[in-house]
Amino acid sequence: MESPQEKTNTKLLNETEAAEYLGLSVRTLQAWRVQGGKIGFIRLGRSIRYRPQDLENWICSNRLTSTSQVEVRT
C-alpha cells in the first residue's frame with residue numbers, strides 16, 4: 001500500500017532543507033513556528049518537516065508587484 005508521501009510523490013523537507021529552499025535561516029523558521037500562522041509544518045515525533053507545496057504556496061501568497069503594496073492585517 002502506498003504511503004501518503006508516495007501518492008503525492010513529494011519528499012518532506014527537514015527544517016535545514018526548507019530554510020535553504022526559501023533562502024532563510026533555520027532560526028527564522030523556528031521563530032515562525034512559535035509565532036504561528038506563517039508556513040504549515042508537520043511534526044513527526046520530535047522532527048519537523050515541511051511539504052514543498054506548502055513552501056511554494058507561501059511564496060506565491062507573498063508575491064508583490066509593487067513596493068507600495070502593503071500587507072492588510074485583519
Side-chain angles (χ1 to χ4, degrees):
M1 175 175 243
E2 290 184 15
S3 70
Q5 186 173 343
E6 291 170 333
K7 285 181 183 175
T8 60
N9 199 24
T10 302
K11 176 187 180 255
L12 295 175
L13 305 177
N14 65 35
E15 65 181 354
T16 301
E17 294 167 328
E20 287 176 9
Y21 184 89
L22 295 171
L24 299 170
S25 72
V26 170
R27 294 296 244 176
T28 297
L29 291 180
Q30 291 169 345
W32 287 356
R33 284 198 310 270
V34 171
Q35 296 168 3
K38 293 278 186 182
I39 302 175
F41 62 93
I42 299 165
R43 183 180 297 277
L44 301 171
R46 293 175 61 184
S47 299
I48 299 297
R49 297 290 183 265
Y50 291 88
R51 293 185 327 162
Q53 186 59 46
D54 290 338
L55 302 179
E56 281 296 323
N57 290 343
W58 180 80
I59 290 169
C60 290
S61 72
N62 284 283
R63 184 176 176 274
L64 303 175
T65 58
S66 168
T67 57
S68 63
Q69 285 180 280
V70 295
E71 182 178 329
V72 176
R73 295 186 184 240
T74 55

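All values reported here derive from a predicted model rather than from experimental measurement.
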Contacts of type salt bridge (charged side-chain N to carboxylate O under 4.0 Å, His left out), residue R49, not counting sequence neighbours:
none

Salt bridge (charged side-chain N to carboxylate O under 4.0 Å, His left out) involving E17 - partner list, sequence neighbours excluded
K11

Results of side-chain contact (heavy atoms from CB on, under 4.5 Å) for E20 - residues two or more places apart only:
T16

Residues forming a side-chain contact (heavy atoms from CB on, under 4.5 Å) with T65, sequence neighbours excluded:
R63, Q69

Show your working on side-chain contact (heavy atoms from CB on, under 4.5 Å) between R33 and K38 and close with a plain yes or no.
CA-CA 7 Å; R33 284 198 310 270; K38 293 278 186 182; over 6 Å; no

Stepwise side-chain contact (heavy atoms from CB on, under 4.5 Å) test for L22 and L29
CA-CA 10 Å; L22 295 171; L29 291 180; 4.1 Å; yes

Would a hydrophobic clustering, with Ile, Leu, Val, Met, Phe, Trp and Tyr connected at side-chain separations under 4.5 Å, put L55 with W32?
yes

With the 4.5 Å side-chain cut-off for hydrophobic clustering, are Y21 and L12 part of the same group?
no

Under 3.5 Å donor-acceptor pairs involving side-chain atoms of residues 39-48, not counting sequence neighbours:
none

Among residues at least two apart in sequence or on other chains, which ones pass side-chain hydrogen bond (donor to acceptor under 3.5 Å, both in side chains) with S66?
S68

Do W58 and Y50 have side-chain heavy atoms sitting under 4.5 Å apart?
no

If I compare all heavy atoms of L13 with all of A18, which pair ends up nearest, and what's the gap?
CB-N, 4.1 Å

What are the two closest heavy atoms between A19 and S25, and how far apart are they?
CB-C, 3.8 Å

Below 4.0 angstrom, N of the basic side chain to O of the carboxylate: do E56 and R51 qualify?
no

